[in-house]
Amino acid sequence: MSLKHFKPAHWLYNLLHYKQLLHNKKAYKKYNLHKSLIASVSSKDFPDKESRAWLDVGDSALLAPQKEGFQQFSPAIQQKIIDWSAKGYMVLENYFSPAVCNTINEEIDKLMKKGNLQFKWGNKLMFANKKSALIRQVTQDAMISQVLNFLLDKEMVPFQTINFLTGSGQRAHSDSVHMTTYPLGYLTAIWIALEDVHPDSGPLFYYPGSHKLPYLLNNDWNADSSFLSLGKHDYPDYEDMVAELLEKNKFPREELIAKKGDVLIWHANLVHGGAPIRNPALTRKSMVVHYYASDVIKYHEITERPSLMS
Ligand SMILES: O=C(O)CCC(=O)C(=O)O
């Protein structure tokens with residue numbers, strides 16, 4: 001068993017970062033989870049696996065126009081909100097100006113040159129928001145926050161950023177196995193195109209409507225975790241299962257050939273990934289921000305670790 005599968009190593013790490021776990025305290029109480037904040041947590045601790053988000057329980061086409069705050073949005077955004085329950089994503093075209101995108105690209109360059117930001121897991125630049133006020137400011141964009149808060153009817157708070165210089169090449173997955181909430185459904189993400197996307201650079205892809213699939217959690221693909229260790233299956237087993245599910249349900253696949261400044265917002269359970277890179281000479285500069293609702297239990301199903309929020 002490797003150390004990363006050994007839960008007591010997580011508990012020790014959690015203890016050393018205890019302050020960053022306090023966000024879960026109220027939510028554990030609210031949802032009757034009687035565990036220490038440093039303990040492992042997974043869907044096996046919870047009584048149900050259904051989203052309680054209002055636009056999952058009901059349909060945005062019917063509910064959204066009647067909701068207070070809907071009128072604050074432009075007619076174009078109103079339509080995208082109306083389509084949310086059916087599609088599980090929306091694209092805000094031309095949202096950030098080229099100048100803002102350039103500033104983000106320059107900031108990422110600077111952080112890398114100073115040695116403050118390094119590639120992790122291959123091509124991911126993680127948590128630039130913790131290193132840069134400018135990146136933090138982007139994650140707190142007022143209009144985007146209004147849209148996210150409306151979609152989930154909760155205060156949505158940034159958890160992490162991931163910057164890419166090239167396509168992610170990541171196979172199809174749902175974020176909810178990585179960043180999980182109880183109740184389910186209270187995560188959302190945005191992806192910002194920081195340059196025009198070339199079709200050969202490994203564009204982001206997604207399967208409209210796939211957010212309605214049941215949430216795939218550890219019990220479905222890696223059930224044999226014990227008190228001391230995680231289950232024996234590895235991440236590719238999860239990806240194989242998602243691929244099977246997509247094949248069985250015949251979801252259409254769309255690639256986002258985004259323009260610089262476009263923003264994609266996607267649902268907690270929308271299946272998505274990065275297409276294979278056909279031309280390795282091409283960059284595909286982009287930034288992902290994952291947001292959690294502030295008042296729910298936040299954790300990582302795949303590693304059974306509570307999320308650390310700073
Ligand atoms: O940018 C991409 O290609 C995919 C990113 C992604 O899947 C994620 O951050 O969850």
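Atoms within each ligand, like the ligands themselves, are counted from 1 in listed order.
- Between Trp54 and Phe150, the distance separating the two ring centers is shorter than 6.0 angstrom.
- Across all non-hydrogen atoms, the minimal contact from Lys260 to Cys101 is CE-CB, 3.6 Å.
- Note: Phe251 and His211 fail the aromatic proximity criterion, with ring centroids not under 6.0 Å apart.
- Nearest approach of Lys44 to Ala223, heavy atoms of both residues: NZ-O, 3.0 Å.
- Contact record, Tyr206 with Leu204: CD2-CD2, 3.7 Å, taken as the closest heavy-atom pair.
- Partners of Gln20 according to the side chain to side chain donor-acceptor pair (under 3.5 Å) rule, which considers only residues two or more places apart in sequence or in another chain, do not exist here.
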Mind listing the N or O contacts between ligand 1 and protein, cut-off under 3.5 Å?
from, atom 1, to, atom 2, distance (Å)
ligand 1, 1 (O), Trp191, NE1, 3.2
ligand 1, 1 (O), Arg284, NH2, 2.7
ligand 1, 3 (O), Ser168, OG, 2.6
ligand 1, 3 (O), Arg284, NH1, 3.0
ligand 1, 3 (O), Arg284, NH2, 3.3
ligand 1, 7 (O), His173, NE2, 3.1
ligand 1, 7 (O), His272, NE2, 3.1
ligand 1, 10 (O), His173, NE2, 3.3
ligand 1, 10 (O), Asp175, OD1, 3.0
ligand 1, 10 (O), His272, NE2, 3.0

